[in-house]
Amino acid sequence: MTSLVLKGVGKRFGGLQAVSPFDMEIARGKITGLIGPNGAGKTTVVNLITGVYKLSQGNIRFGDIDLTEAPRHEVARAGLARTYQTIRLLPDATVVANVMIGMYRHQKTSLVSQLFGLPSSRAETARFRDEVFRLLDRFGMTRYADYPAGSLSYGDQRRVEMMRALALKPEVLLLDEPVAGINEVEAAGLGEIFRDLATEGEGMAVLLIEHNMRFVTNLCDYVYVLDGGVLIAEGTATQVVNNPAVITAYLGDDKDA
């Protein structure tokens, strides 16, 4: 089963080593966690994977595809999609319009067909809308289809961003703090969706960056821990949360206390 594999991946900004070289595997059919205190380098890793930043060291492969030097559009074409720590939506556009943006990867009709509203373009648009509404139903958002995205609550805007990423039909889904600002009941519901995405059919490879340790422990199959850009632990969720180095990174040592 295809995995997203990072080998010796590191990032330096000038004289600052933001992420020290480390290895990570994000396997299909699994939810992999990437955790650590604020400033640990977690989002930097996602930016390296998705081509926002260029690697200073190492390489990234998804199956037979080398993504080490790939720009963002090629990363998306390879089947990787992400959400952001800070929500990025078109606030005045409807929920449906925001999610439809994610369908661009699958567009097959020509620009001429779209401009003139030819039957092939109309049929493709109708098919895309059907797929968008299936996503809305899955996330319990159908009633908000025609609402401006900016008018929704913070948690619902998070859902719109997740649906837009899923509209790409990715093979790898990178979730950057997806339940931040969401209550435990809503987070549990999203966790069920993430688990289904990882296990249904061939299964997605899901990378979860999250501060909610209960959420991570309940959901992740394997967890990597960064602190100050350095990998300090990896293993099952239970192994990691009981690791003394991880406890110190989150809570400080006796002298700090």
Can you name the closest pair of heavy atoms from [X] and [Y] and give their distance?
X: L168; Y: A81; value: CD1-CB, 3.5 Å
X: I247; Y: V241; value: CG1-O, 3.7 Å
X: G29; Y: T199; value: O-CG2, 4.5 Å

Going by side chain to side chain donor-acceptor pair (under 3.5 Å), name the pairs with one or both residues in [range], residues two or more places apart or in two chains.
range: residues 188-198; result: R195-D221
range: residues 29-42; result: N38-H211
range: residues 52-65; result: Q17-Q57

For this session: Evaluate the side chain to side chain contact (heavy atoms under 4.5 Å, CB included) criterion for residues M24 and V9: first the C-alpha distance (whole Å), next the side-chain angles of each, then the deciding distance (0.1 Å), finally the verdict.
Result: CA-CA 9 Å; M24 179 167 68; V9 165; over 6 Å; no

Can you sort out the partners of [X] under side-chain hydrogen bond (donor to acceptor under 3.5 Å, both in side chains), two or more places apart, ordered by chain and number?
X: N242; answer: none
X: N212; answer: E184
X: S153; answer: D156
X: E200; answer: R138

Quick check against the 3.5 Å criterion: does [X] have a side-chain atom that pairs as donor or acceptor with the backbone of [Y]?
X: Q85; Y: D176; result: no
X: R28; Y: G203; result: yes
X: D227; Y: A40; result: no
X: N243; Y: Q239; result: no

Problem set entry | Within residues 6-17 or reaching into it, pairs that qualify as salt bridge (Lys or Arg N to Asp or Glu O under 4.0 Å) - sequence neighbours excluded | none

Exercise. Given the rule that I, L, V, M, F, W and Y join up when any side-chain heavy atoms are under 4.5 Å apart, are L166 and M100 in one cluster?
Worked result: yes

Problem set entry | Criterion side chain to side chain contact (heavy atoms under 4.5 Å, CB included) on I49 and L67, from CA distance to verdict | CA-CA 8 Å; I49 293 171; L67 298 176; 5.8 Å; no

Working to the nearest 0.5 Å, report the span between [atom1] of [X] and [atom2] of [Y].
X: R164; Y: L90; atom1: CZ; atom2: CG; answer: 7.0 Å
X: L207; Y: L174; atom1: CG; atom2: CG; answer: 5.5 Å
X: I209; Y: T43; atom1: CD1; atom2: OG1; answer: 5.0 Å
X: M163; Y: T83; atom1: CE; atom2: OG1; answer: 12.5 Å

For this session: Could you please spell out the steps behind the side chain to side chain contact (heavy atoms under 4.5 Å, CB included) verdict for L6 and L48?
Result: CA-CA 10 Å; L6 285 64; L48 291 170; over 6 Å; no

Problem set entry | Counterpart residues, side chain to side chain contact (heavy atoms under 4.5 Å, CB included), relative to F194 (two or more places apart) | I31, M162, L175, P178, L190, L197, F215, L219

For this session: Taking salt bridge (Lys or Arg N to Asp or Glu O under 4.0 Å) as the test, write out the residues that go with E186, two or more places apart.
Result: R159

Exercise. Can a cation-pi geometry be assigned to R82 and Y84, taking NZ or CZ under 6.0 Å from the six-membered ring centre and within 45° of the ring axis?
Worked result: yes

For this session: Provide the full list of ring-ring contact (aromatic ring centres under 6.0 Å, His included) pairs with a residue in residues 220-246, sequence neighbours left out, each pair given once.
Result: Y222-Y224

Seminar exercise, completed: In short, ring-ring contact (aromatic ring centres under 6.0 Å, His included) pairs touching residues 145-192 with sequence neighbours left out are Y144-Y147

For this session: Could you tell me whether E69 atom CD has more than 12 heavy atoms of other residues or ligands within 6.0 Å of it?
Result: no

